[in-house]
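Here is the naming used below: chain letters follow the sequence lines, and residue numbers restart at 1 for every chain. A quick note: this is a predicted structure, and the numbers were derived from the prediction, not measured.
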Amino acid sequence: MAGVNCLENQTADQLRLIAGLRWRIFVNLLRTRRGKADLAGRAVAGSFIGCGALGIGVLLAVGSWAGFHQNIPLLLPAALWFVFLAWQLLPVFITGFGAQADSSLLLRFPLRYSAFVALTLAYGLADPVTVAALFWLVMILAGIAVAAPGALLWAIPALFLFSIVNLLLSRAVFAWLDRWLARRRTREILGIGFFVLMMSFQLIRPLSERWGKRAVPTLARLTPIERPFPPGLAAYAVQSGHNGAAAPALLGLGGLLAFASGFGWLLGIRLRAQYRGENLSEAQREQAGRETTSVHRSWQLAGLSPVLAALVEKDLRYLLRNTAQYLNLAVPLILVFVFGLNGGTRARRSILGGAAFFPISVGYCLLVLSNLVYNSLGYDGAGVAMLFAAPVRFRDVLLSKNLLHGLLISIEILLVSILVSVLTGPPPPLTVVLTLAGALFVILLNFAAGNLLSLYFPRRLQFGTMRRQNQSGVAALTMFLVPGTAMGVATGVYGLCRWAGHAEWAVLALLGLAGVSFVVYQRVLAASCAIAGRKRDVIMEELCKG
Amino acid sequence: MNSIAIETESLSRRFGELEAVRQVNLRVEAGQFYGFLGPNGAGKSTTIKMLTGLLEPSSGCIRVLGLDLGRDPLEVKRQIGVVPEGMALFDRLTGPEYLNFAGRMYGLDRITAAERARELLEFMTLADRPKTLIVDYSHGMKKKLALAAAVVHGPKVLFLDEPFEGVDAIAAGALKAMLNRMIARGATIFLTSHVLEIVERLCSHVGIIHQGALVAQGSIEELRSGVEARHHAGRDPGARLSLEQIFLDIVGGERETPPELSWLE
C-alpha cells in the first residue's frame with residue numbers, strides 16, 4: 001500500500017515514535033502552571049534522592065578502591081552484592097505495589113516482537129533504580145581504576161556482563177511477577193514487604209553495634225557459597241584476572257554469560273506470552289458461593305452530626321483499607337524505636353536520654369503525619385463529585401477529615417510517649433507539657449494549611465501505593481515547610497524563655513500561639529465552602545480522572 | 001407543588017475561549033421524563049453538571065423546583081438525585097457501605113438508610129456481594145450502584161448522565177421499570193443518552209443541544225410534527241419519523257455527507 005514503510009524500517013520507526021510519545025507526554029505536563037510547579041517540586045525531591053545515590057556511589061568507590069589497595073578481598077563482592085540486591089529488590093517492591101503499565105496498550109499496534117523486547121529493556125533501563133545501580137557500578141569501576149588500573153582489563157567486561165545479567169533478571173522478575181502483581185491485594189502485600197525491608201535497614205546500625213564484630217568472619221565463611229552467583233562470579237573474575245589467573249577469570253565471565261543467557265531465556269518465555277496477547281489485568285474474581293445480604297447501620301458518633309459521623313466513618317473505612325497508610329502510621333513509631341536503640345554511644349545517649357528526645361520524637365511524628373493532611377481529598381477519587389452533589393457543606397467534609405486525623409495524631413503521640421518512656425525513661429513533666437502545647441500549635445497550623453492545599457492543589461492518590469503517587473510538588477514542599485517552620489518558631493520561643501531563665505513561660509507562649517493557629521484554622525474552615533465552590537472544576541477534574 | 005421542575009435562563013458556560021453552553025433556556029415540567037440529546041461535545045454533560053451544582057455557570061440562572069440553585073444550593077441538592085458522568089463512587093467502600101453513606105449524606109436516619117440500602121441492593125441484583133469493594137465491581141455493577149445511590153433518598157428530580165451505558169439488558173429493563181414508577185409517582189427525570197431508541201421509548205419530552213445551543217425542545221410529538229411540516233413534500237404520509245430521524249434532521253446530520261476516505265477503498 002502506498003505510504004506504508006517497509007517492515008524492516010518499522011521497528012526503528014516505532015521505537016522512535018514511542019520515545020517521541022513519552023517526550024510529548026512530558027512536554028504536555030509542563031503546559032500548565034501546576035505542571036511546572038510539580039516538576040520543580042519533584043526536582044527538589046529528586047535532588048535529595050540523587051544526593052543519597054551519589055553518597056552510596058562514593059562509598060562503593062572507596063570500598064572497591066580499599067579492596068584492591070588494602071588487599072581486602074571481601075569488599076568487592078560485598079559492593080557487588082549490594083548493587084545486585086538493590087537493583088533486583090527495590091524496583092520490585094517500589095513499582096511492584098504501584099499500578100503496572102499495561103503492555104497491551106502498545107500491542108494493539110502492529111509492534112514487532114523485537115521492538116516489544118527492546119521496549120521492555122528500555123523501560124528497565126529508564127528505571128531510576130537501574131540508573132542509580134549503573135552509576136554505582138561506574139563508581140566501583142572508578143575505585144578499581146585508581147587502586148589497580150591493571151584490573152580494568154577484567155573489571156570492564158565483568159561489570160558489563162554483570163549489568164546485563166541484572167537488567168535481564170530484573171525484567172524477567174517483573175515479567176513473571178506480573179501474574180500476581182495484576183492483583184490489587186498482592187500489590188498491597190508487597191507494599192508491606194517493602195516497608196519491612198526499609199525498616200530492617202534502619203536496624204542495621206543497632207544490630208551491627210551489638211554483633212558487628214562477628215559479622216566479618218561470618219561473611220568470610222559465606223564466600224564459597226556466594227561465589228556461584230552473579231555478584232560473586234563478577235568479583236571472582238575481576239580478582240582472579242588481577243592476580244594473573246586468566247582461566248578462573250574466564251570461568252567467572254563464562255558464568256556471568258550463562259546467567260545472562262538463562263535470564264534472557266526466562267524473560268523471553270514471558271515476553272512471548274505477553275506478545276501473544278496474554279491479559280493480566282485486574283481481573284474480576286468470581287466469588288465462590290453467594291453471600292447473604294447484610295446491611296449494617298452506619299455509625300452514631302457522640303457529639304457529631306449525622307453527616308459528620310457518616311463522613312468520619314467513610315474516611316476511617318478508607319484508612320483501614322489502605323495498607324500504604326498503615327506504613328505511614330507505623331514509620332514514626334519504628335524510627336523512634338530505632339533511634340532509641342541507636343543511643344549506644346555516650347554522646348548520643350546524652351541527647352537521646354535527655355529531655356530533647358521526647359519533643360524530637362513528637363516533632364518527627366508530626367512531620368511524617370503531615371502527609372495525611374496536605375492532600376486530604378486525594379484518596380476520595382471520583383467520589384468527590386458525590387460530595388459536591390450532596391447537600392453537604394464542604395466545611396463539614398474537611399472538618400471530618402481533620403477530626404479523624406487529629407484522633408490519629410493524638411493516638412500516635414500517645415504511643416510515641418509510651419515508647420520514649422520505655423526506651424529512655426519518662427520525660428520531665430515540663431517537657432511533656434511544653435511538647436504538647438507546641439504540638440497543638442503545629443497541628444492546628446498544619447490543618448489550616450493542609451485544608452487550603454487540599455482544595456488548591458488536589459491530587460488523586462492510588463490505594464496501597466507509595467511511589468508514582470503523582471503528589472502535587474507544591475503540596476509536597478509545603479507539607480515540610482509549614483510544620484518545619486512552626487516547629488522552628490516553637491523551639492525559638494522555648495529558647496528565648498529558657499534564656500530568660502523561665503522555661504515554664506514557654507508553655508503560656510506556646511498555648512498563645514496555638515490560640516492564634518486555632519483562629520487561622522477556623523477562618524480557613526469558614527472560607528472552605530467558598531473556595532471549594534470556586535475550585536470545584538479543578539478539584540473534580542483532578543480527582544475524577546482515570 | 002411548583003409545576004416547573006427545572007428551568008434555566010440564559011445559561012452559559014465558557015472554558016477559556018470556548019463557549020461550551022450558550023444562552024440555554026430549558027423548561028422541564030414536573031412529572032416529565034425528559035431526554036437531553038446532542039452529538040458528542042455538544043454540551044450535554046456540561047449542562048447537566050451545571051444543573052446539579054457540580055459546575056458553576058459563567059452566566060445565567062438555574063431554578064430547580066422553584067429554588068434558585070445559585071442562592072440555595074443545599075436545599076436544591078436535598079431535592080435531587082444525580083448520577084454524574086464519572087458515577088461519583090467511593091470505590092474503597094462496599095456497595096452496602098456506600099448506599100448507607102449516601103443515605104446519611106442526604107439526611108436519612110440510620111435505620112431508614114440501612115433498610116433502603118438493603119432494598120436497593122436486592123433490586124439492583126447487587127445483594128450477593130456485600131463484602132466486595134466497589135473498585136472490584138464491573139462497569140455495569142458500578143452504574144447500577146450509582147443509580148441506587150441517586151435514588152436512596154427518594155428525590156423529586158433525578159439527573160442521569162448516560163444511565164444505561166454498560167448496563168446489561170436485564171438490569172436495564174429493571175431500571176426502566178423503576179424510573180417509570182418514579183415518574184408515575186410524580187418525580188421528574190432528566191437524562192442524557194446516546195441511545196436514541198431508549199430515549200424514544202422512555203421520554204415524553206426531549207431537548208436537543210447542538211454546538212452549545214438548545215436547538216429544539218418539546219414533546220417528541222411536537223418535534224416530529226415540526227420536522228414533518230418542514231419536509232411535507234415527498235414524504236410518505238403513513239410513515240412515522242423515528243427520534244433518530246428527528247434528531248438527525250435537527251442537528252443537520254443528514255445533510256452532511258461524510259467525505260470519502262480514498263485510501264480505504
Is any side-chain heavy atom of A:M386 less than 4.5 Å from a side-chain heavy atom of B:F90?
-> yes
Does the side chain of A:L311 reach to within under 4.5 Å of the side chain of B:F101, using non-hydrogen atoms?
-> yes
Qualifying ring-ring contact (aromatic ring centres under 6.0 Å, His included) pairs with a residue from residues 523-544 of chain A, counting only residues at least two apart or across chains | none
Tightest non-hydrogen contact, residues B:M105 and A:A390, listed as CB-CB, 4.3 Å
Under a 4.0 Å N-O cut-off, is there an ion pair linking B:R13 with A:D537?
->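 Looking at B:R13 and A:D537, the cut-off is met.
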Are B:E97 and A:R321 ion-paired here, with the side-chain N under 4.0 Å from a carboxylate O?
-> yes
Between [atom1] on residue [X] and [atom2] on residue [Y], distance to nearest 0.5 Å:
X	Y	atom1	atom2	answer
B:L74	A:C529	CG	SG	8.0 Å
B:L54	A:L387	CG	CG	10.5 Å
A:S305	B:R104	OG	CZ	9.0 Å
A:E541	B:L55	CD	CG	10.5 Å

Worked check of side chain to side chain contact (heavy atoms under 4.5 Å, CB included) between B:N100 and A:E313 = CA-CA 11 Å; B:N100 238 328; A:E313 180 185 348; over 6 Å; no
Does the pair A:Y379 and B:R92 meet the rule for a side chain to side chain contact (heavy atoms under 4.5 Å, CB included), with working shown?
-> CA-CA 9 Å; A:Y379 287 113; B:R92 297 294 160 147; over 6 Å; no
Whether over 12 other heavy atoms sit under 6.0 Å from B:L18 CG |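 Atom CG in B:L18 is packed in, count exceeds 12.
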Evaluate whether atom CZ of A:R523 has more than 12 neighbouring non-hydrogen atoms of other residues, nucleotides or ligands under 6.0 angstrom away.
-> no
Pair count under 4.5 Å, heavy atoms only, with chain A: among B:I111, B:I80, B:T52, highest is B:I111
What residue in B:E56, B:H153, B:M87 has the most heavy-atom pairs under 4.5 Å with chain A?
->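 With the most close heavy-atom pairs to chain A, the winner is B:E56.
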Where does [X] contact chain A at under 4.5 Å (heavy atoms): side chain, backbone, both or neither?
X	result
B:L89	backbone
B:A149	neither
B:Y98	side chain

Evaluate side chain to side chain contact (heavy atoms under 4.5 Å, CB included) for B:D91 paired with A:Y318, printing each intermediate quantity in order.
-> CA-CA 9 Å; B:D91 60 10; A:Y318 257 53; 3.8 Å; yes
Mind ranking A:A310, A:A389, A:A385, A:P306 by heavy-atom pairs under 4.5 Å with chain B and telling me who comes out on top?
->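 Answer, by heavy-atom pair count under 4.5 Å with chain B: A:A389.
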Run the numbers on A:K314 and B:L93 for side chain to side chain contact (heavy atoms under 4.5 Å, CB included), then give the verdict.
-> CA-CA 8 Å; A:K314 186 267 293 173; B:L93 296 181; 3.7 Å; yes
